[in-house]
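Here's the structure we're looking at; comments come further down.
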2 protein chains.
Amino acid sequence: MSLAQLEYFVAVAEEAHVGRAAQRLHIAQPPLSRQIRRLEDELGAPLFERTPRGMRLLPEGEVFLAHARAILRAVGDAQRAVRARHGV
Amino acid sequence: MSLAQLEYFVAVAEEAHVGRAAQRLHIAQPPLSRQIRRLEDELGAPLFERTPRGMRLLPEGEVFLAHARAILRAVGDAQRAVRARHGV
DNA sequence: TGAGGTTACGCCTATCGTAATAATG
DNA sequence: CATTATTACGATAGGCGTAACCTCA
């Protein structure tokens, strides 16, 4: 699992659409689709239901979304904390 | 910043020694040294003081260590949460 | 001068983008 | 049949390991 995968996952979850999430992330659709798949494989559980209209979060995905956001927030906190301390 | 870099950083902080940390991580010393440097560059602040005996955490490093551990713990929590939910 | 950290350099895996393919209402 | 996601495939970048180098008590 990588931080990029977490950012990708959050974007897809919020957009419910791989194409729109890819635009927002400034990457192409296929790599995004692949990374989501890899993440699901690694976790051993699907996170989305694929529909012809887009992606819908499964319950496992809802659970993971909260955790993913918390991790990304913690990363931002860590960066800010060091920079604040260094600024002193 | 990557999760691997965080694991590397925690290992070096705990061992206070790049060589021992590298052994523990099962990687060679140079890549570990490089990743620590890259992390410091990205954060814009040194995290260690280099001494002839090894590495000593600077105050910025102490601050970052707590955050790094929190992030890695959160990653483990996220994986467990999804797998527990999926197991149901 | 010895212990420890860092550069140089080459390889190799992983990720990306473009193009083509599959699936489904 | 149009929209969306996925697979194929080639190119590129990032990370690792070995070997050589630097630094300091």
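Chain letters run A, B, ... following the sequence lines, proteins first and then strands; every chain starts at 1.
Here the P atom of nucleotide dC24(D) and the CZ atom of Arg56(B) are 15 Å apart, to the nearest Å. The nearest whole Å value for the distance from the CD atom in Gln23(B) to the C1' atom in dG4(C) is 13 Å. Remark: C1' of dT6(D) and CE of Met55(A) are 10 Å apart, rounded to the nearest angstrom. The NE2-C1' distance, from His17(B) to dG5(C), rounds to 9 Å in whole Å. To the nearest angstrom, P of dA5(D) lies 8 Å from CZ of Arg20(A). If you measure from atom CZ of Phe48(B) to atom P of dT6(C), you get 10 Å, rounded to the nearest angstrom. The distance between atom CG of Leu39(A) and atom C1' of dA5(D), rounded to the nearest whole Å, is 17 Å. Across the protein-nucleic acid pair, Leu32(B) atom CG and dG5(C) atom C1' stand 10 Å apart, rounded to whole Å.
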Atom pairs, N/O to N/O, protein against nucleotides 9-11 of chain C, distance under 3.5 Å?
residue : atom : partner  : partner atom : Å
dC9(C)  : N4   : Arg34(B) : NH1          : 3.4

Nucleotide N/O of nucleotides 19-25 of chain C paired with protein N/O under 3.5 Å:
none

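Using a 4.0 Å heavy-atom distance criterion, Arg38(B) is classed as a sugar-phosphate-only contact.
In this structure, Glu40(A) contributes its side chain and Leu47(A) its backbone to a donor-acceptor pair below 3.5 Å.
Side-chain proximity of Ala28(B) to dC16(C), dG17(D), dA5(D): nearest is dG17(D). Side-chain proximity of Pro31(B) to dG17(D), dT6(C), dG5(C): nearest is dG17(D). Looking at the side chain of Gln29(A), the nearest of the listed nucleotides dT6(C), dA5(D), dG15(D) is dA5(D).
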**Request:** Any chance you could lay out the side-chain contact (heavy atoms from CB on, under 4.5 Å) test for Gln23(B) and Glu15(B), step after step, and finish with the verdict?
**Result:** CA-CA 10 Å; Gln23(B) 281 192 314; Glu15(B) 300 290 343; over 6 Å; no
- Item | Intermediate values then yes/no, side-chain contact (heavy atoms from CB on, under 4.5 Å), Gln35(A) and Leu39(A) | CA-CA 6 Å; Gln35(A) 291 301 324; Leu39(A) 181 60; over 6 Å; no
Original post:
Can you check ring-ring contact (aromatic ring centres under 6.0 Å, His included) on Phe64(A) and Phe48(A), steps first, answer last?
Top reply: CA-CA 11 Å; Phe64(A) 191 68; Phe48(A) 292 99; 9.8 Å; no
For a side-chain contact (heavy atoms from CB on, under 4.5 Å) check, start with the C-alpha distance between Arg69(B) and Leu72(B), then their side-chain angles and the critical distance, and finish with the verdict. CA-CA 5 Å; Arg69(B) 284 176 171 147; Leu72(B) 295 174; 5.9 Å; no
Quick one: do Leu57(B) and Leu65(B) satisfy side-chain contact (heavy atoms from CB on, under 4.5 Å)? Show the steps, please. CA-CA 9 Å; Leu57(B) 269 182; Leu65(B) 179 56; 3.8 Å; yes
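OP1 or OP2 of dA5(D) has not a single side-chain nitrogen or oxygen of Ser33(A) nearer than 4.0 Å. In this structure, Arg50(A) reaches the dT6(D) phosphate: one of its side-chain N or O atoms is under 4.0 Å from OP1 or OP2. Put simply, Gln35(A) has a side-chain N or O that comes within less than 4.0 Å of OP1 or OP2 on dC16(C).
In the displayed structure, Arg20(A) atom CZ is contacted under 6.0 Å by more than 12 heavy atoms of other residues, nucleotides or ligands.
Note on Val75(B): it clusters hydrophobically with Leu25(B), by side-chain heavy-atom contacts below 4.5 Å among ILVMFWY residues.
Arg80(A) has a carboxylate O that lies under 4.0 Å from a charged side-chain N of Asp77(A), or vice versa, which qualifies the two as a salt bridge.
Between Gln79(A) and Glu42(B), the closest side-chain pair of non-hydrogen atoms falls below 4.5 Å. Looking at Arg50(A) and Met55(A), their side chains come closer than 4.5 Å, going by heavy atoms from C-beta outward. Val18(A) has its side chain out of reach of Ile36(A): every pair of non-hydrogen atoms, C-beta onward, lies at least 4.5 Å apart.
For the segment residues 3-15 of chain A, the set of residues with a heavy atom within less than 4.0 Å of an atom of DNA chain D is empty.
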